[in-house]
Amino acid sequence: MAGPDETAAPFAKRMQGEHVHIVGGGSGIGFAVAEAVVANGGRVTLSSRDAGKLAMAAGKLGGAPAAVGLPFDMTDENAVKSAFATQPDSSIDHLVISASSAVHGRFDMLETEPVRGMFDAKFFGPYVTAREALPKLKEGGSITLFSGVLSRKPGMNCSGLGAVNSAVEGLTRALALELGPRLRVNCCSPGMVRSEAYDKMPEEKRDRMYEETGRSLPVGRVGFVQEVADAVLFLMHNGYTTGVVMDVDGGHMVRQYA
Ligand SMILES: NC(=O)c1ccc[n+]([C@@H]2O[C@H](COP(=O)([O-])OP(=O)(O)OC[C@H]3O[C@@H](n4cnc5c(N)ncnc54)[C@H](OP(=O)(O)O)[C@@H]3O)[C@@H](O)[C@H]2O)c1
């Protein structure tokens, strides 16, 4: 297990040779984490559903051995089991799960099924993935889960998303207790950051959303994926941090409502 001296070493030293498995690593925040890990001398396994997208993402990071793809769908329990059982790389230093899906809509209008589907993807997916990865995670390693500001600062038409984010935060605290001292478990809670998550929106509408949300925040803008990746690297490597929800949200929690 890392002692205080190793914990104090710069990222580049600590990451040398480390293996980080990022589920959701083919895009957005997950890919930014992968870039930061590889830039600091570590290597990554990237997972998500789309094998072609993963191959392209791994290629951008220089390909094997620095970055490889391992496709699976987190909502398919057998696929998750088989991915970790057959994974040739038998040891993981840090597991990061940024993959998710989001459902919006008025509480009284939204059907139950899409909300259940979101819990499958954003709660049960990480739950099963973390459990199946356990035998491969090295002592002294870490798990980082993802929630989002809606867990504690609700938004209109986001009741399901707020609830699933709260569930992930509750799971984080429980796992930090249960899996320590072998592993540390933390949660990163981003505010709005520019990522592929918003690719399906018309560009003009998306830019207006970034602009208006940014203006409402103490920092005056929305975030960049690299800023969230910085926080994830901290959570991976600070040996005295576990069971926390780290907000990386431009001050969303203290913003003034219009
Ligand atoms: N961006 C924001 O403004 C924001 C705000 C608050 C919270 N967050 C949270 O931050 C995390 C990362 O967000 P992001 O912006 O990086 O999102 P993103 O760019 O949409 O990335 C999500 C990734 O998850 C993968 N994925 C989705 N469903 C999956 C499944 N069932 N199995 C495996 N992989 C799956 C997607 O790839 P495939 O489609 O190829 O599977 C995609 O690469 C998420 O938990 C999100 O809720 C983001």
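Counting starts at 1 for both ligands and their atoms, in listed order.
- Residues V44 and A34 come closest through the heavy atom pair CG1-CA, 4.0 Å.
- Looking at every heavy atom in both residues, G155 comes nearest to L150 through N-CD2, 3.4 Å.
- Distances shorter than 4.0 angstrom occur between a heavy atom of F72 and an atom of ligand 1.
- Criterion: ILVMFWY side-chain heavy atoms under 4.5 Å apart, direct or through other members. Under it, M192 and V164 are not part of a common hydrophobic cluster.
- Near S98, with a cut-off below 4.0 Å to any heavy atom, the atoms of ligand 1 are 11 (C), 12 (C), 44 (C), 45 (O).
- Distance CG/L145 to CD/E169: 10.0 Å, rounded to 0.5 Å.
- Residue K122 approaches ligand 1 through these ligand atoms, each under 4.0 Å from one of its heavy atoms: 9 (C), 44 (C), 45 (O), 46 (C), 47 (O).
- The protein heavy atom nearest to atom 6 (C) of ligand 1 is P190 O, 3.3 Å.
- For the ligand labelled ligand 1, residue G125 lies outside the 4.0 Å heavy-atom shell.
- Listed by number with element, the atoms of ligand 1 under 4.0 angstrom from any heavy atom of G28 are 16 (O), 19 (O).
- Close approach of ligand 1 to K53 (heavy-atom distance below 4.0 Å) involves ligand atoms 36 (C), 37 (O), 38 (P), 39 (O), 40 (O), 42 (C), 43 (O).
- Contacts with ligand 1 closer than 4.0 Å are made by backbone heavy atoms (N, CA, C, O) of S147 only, the side chain lying farther away.
- At the shortest separation from atom 29 (C) of ligand 1 among protein heavy atoms lies R49 NE, 3.5 Å.
- Side-chain contact of S216 with R255: a donor-acceptor pair under 3.5 Å is present, judged by distance alone.
- Given atom 16 (O) of ligand 1, the protein heavy atom at minimum distance is I29 N, 2.7 Å.
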Handout entry: Steps toward side-chain contact (heavy atoms from CB on, under 4.5 Å) verdict (I97, F146)
Key = CA-CA 7 Å; I97 309 177; F146 272 79; 5.9 Å; no
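- In this structure, G191 has a heavy atom closer than 4.0 Å to ligand 1.
- Not a single heavy atom of R194 sits closer than 4.0 Å to an atom of ligand 1.
- The aromatic rings of F124 and Y127 sit perpendicular to each other, their planes meeting at more than 60°, with 30° as the lower class boundary.
- Heavy-atom proximity to S100, at under 4.0 Å, picks out these atoms of ligand 1: 24 (O), 27 (C), 28 (N), 44 (C), 45 (O), 46 (C), 47 (O).
- The two residues L95 and A133 make their nearest non-hydrogen contact at CD2-CB, 3.8 Å.
- The atoms of ligand 1 that sit less than 4.0 Å from any heavy atom of S195 are 1 (N), 14 (P), 15 (O), 19 (O).
- Any N or O atom pair closer than 3.5 Å counts here, and M74 shares at least one such pair with ligand 1.
- With salt bridges taken as basic N to acidic carboxylate O contacts below 4.0 Å, one links D247 and R152.
- Geometrically, ligand 1 and Y198 share a nitrogen or oxygen pair separated by less than 3.5 Å.
- Here the side chains of L46 and V68 are not in contact, with every heavy-atom distance at 4.5 Å or above.
- The single protein non-hydrogen atom nearest to atom 25 (C) of ligand 1 is A99 CB, 3.8 Å, given as residue, atom name and distance.
- Heavy atoms only, all atoms of each residue included: L217 and G251 are closest at CD2-C, 4.4 Å.
- In this structure, atom 42 (C) of ligand 1 lies nearest to the protein heavy atom S27 OG, 3.3 Å.
- Residues M118 and L161 approach most closely at CE-N, 3.4 Å, considering heavy atoms.
- When only non-hydrogen protein atoms are considered, atom 23 (C) of ligand 1 lies nearest to G24 CA, 3.8 Å.
- Proximity to A197 (heavy-atom distance under 4.0 Å) selects the following atoms of ligand 1: 15 (O), 17 (O), 19 (O), 20 (O).
- One N or O on the side chain of N186 and one on the backbone of G243 form a donor-acceptor pair closer than 3.5 Å.
- Between the side chains of S47 and H21, at least one donor N or O lies within less than 3.5 Å of an accepting N or O.
- Residue D73 has at least one heavy-atom neighbour below 4.0 Å for each of these atoms of ligand 1: 30 (C), 31 (N), 32 (N).
- Closest to atom 10 (O) of ligand 1, if we only count protein heavy atoms, is F146 CD2, 3.5 Å.
- For a threshold of 3.5 Å applied to N or O pairs, the pair formed by G26 and ligand 1 contains no separation below that value.
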